[in-house]
Amino acid sequence: MTFLNKVNSRQLEAIKAVQGPVIIVAGPGSGKTRVLTYRIAYLISIGVPAYQLLALTFTNKAANEMKERITQQVGEKSKQLWMGTFHSIFARLLRIEADRLGFGKNFSIYDTQDRLRLIQSIMNDLHIPSQQYNPQAVMYRISRAKNQVILPEEYASQSLDLFEEKTAKIYAEYVRRLKLNNAMDFDDLLIKPIELFNHHKKILESYQERFRFILIDEYQDTNRAQYVLLKLLAEKYKNICVVGDDAQSIYGFRGADIRNILEFTRDYPEAKIIHLEQNYRSTRAILSAADQVIKKNVNQIPKNLWTENLDGEPITILECVDDKSEGEAIVRNIFREVERLKIQFKDIAIMYRTNAQSRTLEDVLRKNTIPYAIIGGIEFYQRKEVKDVLAYFRLLVNPQDDESFLRIVNYPNRGIGEVAVRHLRNFASTNSQSLSVAISSADQINGPAKKAKTGMINLSSMFEKYRKLKNELSMSELSRALVDELGILNLFKEEGTPEAMARRENVHELLSAISEFAAEQPNATLESFLQEVSLVADVDEWDNEFNAVTLMTLHSAKGLEFPIVFITGLEEGLLPYYNSSLDTVELEEERRLFYVGITRTMNKLFLSWEDIIHNR
DNA sequence: TTCGAACGGCTTTTT
DNA sequence: GCCGTTCGAA
């Protein structure tokens with residue numbers, strides 16, 4: 001265990017305290033990842049079987065990196081580790097146990113877009129006007145309720161106003177429809193396991209036995225559902241180790257409950273508390289700036305960060321007239337720093353509060369031929385054309401998935417319009433069939449026009465054909481054949497606009513992603529591919545080998561570090577983000593977000609803003 | 001009945 | 001800048 005002499009005494013303590021509950025309060029740059037990695041390697045090296053470890057991280061990227069490092073320490077044993085994001089780990093568990101919950105193992109996973117569409121269609125059916133009740137707000141409330149493990153009945157009994165009453169109705173129908181579609185949303189991936197464990201004590205016990213040692217990274221960003229889930233799993237052995245920093249809790253909007261970390265010792269009074277306060281990442285100047293910011297927050301665990309690093313260079317403030325000149329000032333400084341410090345573009349990151357801010361920055365960077373990589377924005381797997389093609393695959397895997405069906409029933413155009421779809425839906429619901437099953441009886445459906453009927457019959461025989469082919473072709477052949485038959489690549493080509501060509505390129509890229517996936521994993525299936533892509537984050541895709549400046553939101557920056565950092569748009573209203581109901585709690589979260597940004601910096605920090613009032 | 005063009009509204013952060 | 005809605009043409 002040679003790795004154990006590469007750490008300081010506090011870190012060593014954190015690595016070796018493997019029995020019982022432990023909370024590690026780890027400041028930025030304090031070697032948190034190192035501790036987690038070594039802790040797992042240590043557990044394995046003292047004889048704990050790797051399959052008894054459950055390690056939950058915030059991003060897949062973090063999980064993969066850690067897994068790699070653990071493999072270096074302990075070898076192939078690490079393969080048996082259950083390590084990943086909450087969502088991917090519990091999706092995996094649900095694939096195994098789905099039938100106990102009345103779901104098929106091939107369930108679809110709905111992302112935000114799919115959920116919104118489903119909610120809109122439910123509101124239509126229930127005659128709830130979307131002008132009066134914003135579907136997004138409804139979706140947000142439902143998600144909120146789920147995060148807090150509040151089921152429809154309870155939600156209905158607590159609703160205080162008309163909006164909540166309507167939401168309660170929609171919520172109940174939403175749950176019913178998801179089940180009919182054999183689909184789960186992101187929140188279900190957390191609350192369905194709770195449901196499973198509550199109703200099947202035996203299964204809970206078997207997982208308690210299995211996961212004797214549980215580790216959770218970024219604990220400050222867990223929500224109520226995750227908390228309940230962990231509590232259930234750790235109940236028997238109580239070997240639960242949480243790592244986090246309340247000062248870096250920035251996902252309140254997603255239901256993260258900072259109380260989880262603040263009150264850990266209340267749930268586990270015997271918990272060992274370990275503080276990691278020595279920072280190895282940043283210069284003294286940067287750390288002190290971060291400290292000045294965060295100490296304004298009232299609600300936090302007191303801590304005292306320190307470093308042996310040098311003072312370093314002072315922070316530079318760039319005051320600009322508008323966003324364009326802000327971009328230009330950043331570019332000037334990038335060139336100067338690259339020259340002066342002999343660094344590369346990949347050592348630099350530009351951060352902002354909202355994705356929309358990346359536009360102007362991109363323009364300026366492109367003009368100056370500085371290579372850049374963007375994390376976030378419109379994600380690849382969210383693009384319309386990609387989602388459309390994926391919807392066909394989802395339907396092949398899960399024929400009950402009516403949402404995916406509705407997405408592609410008339411894409412590309414088959415002359416099946418709104419009215420024809422209504423007829424089909426009526427037919428399907430009177431026969432309690434899913435839409436993709438119902439369409440195979442297209443010739444028996446009365447109502448639709450001739451054109452629509454032909455389209456339906458064609459679509460139905462196409463499904464039949466590919467359902468057969470699915471067993472005969474490899475996933476990569478199958479996907480190519482399907483896209484070919486759809487003819488969308490040619491449609492884009494005929495259209496010829498730059499947008500259409502970009503879409504064409506995206507579909508190509510999707511096909512190569514499938515081939516690549518199949519090549520990397522010998523027993524890859526369409527199912528596993530779909531699961532993978534529905535749970536990837538943008539940060540996961542980020543490749544730090546490529547020599548480019550990284551652009552991203554402050555949220556995505558969590559867990560990363562860069563020698564040079566620019567934080568842009570430091571204006572009232574943008575950072576902190578202006579929101580009519582910005583209260584103290586939210587303001588503190590904005591402050592933590594800024595804190596996260598500052599503490600990503602190793603050597604030199606630039607802060608930029610537009611002085612609109614004085615410069616106009 | 002379907003489809004494409006034009007218009008207006010809104011827009012935080014993400015697994 | 002993106003999405004849904006509306007409206008007119010085929």
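In the text below, chain A, chain B and the rest are named by the order of the sequence lines, each starting its count at 1. As a basis for the values below, the full set of heavy atoms in this structure was taken, side chains included, without hydrogen atoms, waters or symmetry mates. Predicted, not measured: the structure shown is a model, and the values here were computed from it.
- Residue A/F90 contributes atom CZ, which lies 18 Å from atom P of B/dT15 at whole-angstrom precision.
- Note on A/K558 versus A/E218: salt bridge recorded, some NZ/NE/NH1/NH2 to OD/OE distance being below 4.0 Å.
- For A/Q382 and B/dT13, the CD to P distance is 12 Å, given to the nearest whole Å.
- For the pair A/M123 CE and C/dG4 P, the computed distance is 14 Å after rounding to whole Å.
- With contacts defined as side-chain heavy-atom distances shorter than 4.5 Å, the pair A/R259/A/F264 does not qualify.
- Stem regions annotated for DNA chain C: B:1-9 with C:2-10, counting only runs of 3 or more consecutive pairs of Watson-Crick or G-U type with both contacts under 3.5 Å.
- In this model, a donor atom of one side chain and an acceptor atom of the other lie less than 3.5 Å apart for A/N506 and A/E385.
- Whole-Å rounding puts the A/F186 CZ to B/dT15 P distance at 8 Å.
- Test A/F594, A/Y251, A/F58 against A/H555 for ring-ring contact (aromatic ring centres under 6.0 Å, His included) and you get one pass: A/Y251.
- Between the C1' atom of B/dT12 and the CG atom of A/L593 lies a distance of 10 Å, rounded to the nearest Å.
- Not less than 6.0 angstrom separates the ring centroid of A/Y110 from the ring centroid of A/F186.
- Here B/dT14 presents its P atom at 16 Å from CD of A/Q220, a figure rounded to the nearest Å.
- A side-chain donor-acceptor contact under 3.5 Å links A/T454 to the backbone of A/K450.
- Nearest-nucleotide assignment on DNA chain B puts the 5′-proximal partner with A/N134, out of A/S534 and A/N134.
- The shortest distance between side-chain heavy atoms of A/Q248 and A/Y595 falls below 4.5 Å.
- Distances from the side chain of A/T354 to the nucleotides B/dT12, B/dT15, B/dT14 place B/dT12 closest.
- Applying salt bridge (Lys or Arg N to Asp or Glu O under 4.0 Å) to A/D111 and the options A/K387, A/R117, A/R394 leaves one that passes, A/K387.
- Following rounding to the nearest Å, A/I567 (CD1) and B/dT12 (P) show an atom-to-atom distance of 21 Å.
- Within 4.0 Å (heavy atoms only), A/Y251 reaches sugar-phosphate atoms of the nucleic acid but no base atom.
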Under 3.5 Å, which N/O atoms of the protein pair with N/O atoms of nucleotides 1-7 of chain B?
unit_1: B/dT2; atom_1: OP1; unit_2: A/G417; atom_2: N; d: 2.9
unit_1: B/dT2; atom_1: OP2; unit_2: A/E418; atom_2: N; d: 3.4
unit_1: B/dT2; atom_1: OP2; unit_2: A/V419; atom_2: N; d: 3.2
unit_1: B/dC3; atom_1: OP1; unit_2: A/G415; atom_2: N; d: 3.3
unit_1: B/dC3; atom_1: OP2; unit_2: A/N410; atom_2: ND2; d: 2.7
unit_1: B/dG4; atom_1: OP1; unit_2: A/N413; atom_2: ND2; d: 3.4

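- Contact check, A/S88 against B/dT15: no side-chain N or O comes under 4.0 Å of OP1 or OP2.
- For A/T553 and B/dT14, the shortest distance from a side-chain N or O to OP1 or OP2 is below 4.0 Å.
- A side-chain donor-acceptor contact under 3.5 Å links A/Y207 and A/E97.
- Taking every heavy atom of residues 108-120 of chain A and every atom of DNA chain B, pairs under 4.0 Å involve A/T112, by number.
- For A/N355 and B/dT13, the shortest distance from a side-chain N or O to OP1 or OP2 is below 4.0 Å.
- Ion pairing of A/D185 with A/K192 is absent here, as no side-chain N (NZ or NE/NH1/NH2) approaches a carboxylate O to less than 4.0 Å.
- Checking B/dT12, B/dT13, B/dT15 against the side-chain heavy atoms of A/F253 singles out B/dT13 as nearest.
- Using a 4.0 Å cut-off between a side-chain N of Lys or Arg and a carboxylate O of Asp or Glu, A/D217 and A/K32 qualify as a salt bridge.
- Expressed to the nearest 0.5 Å, how far CD1 of A/I142 lies from CG of A/N147 amounts to 12.0 Å.
- Taking atom CZ on A/R353 and atom C1' on B/dT14, their separation rounds to 12 Å, with Å as the unit.
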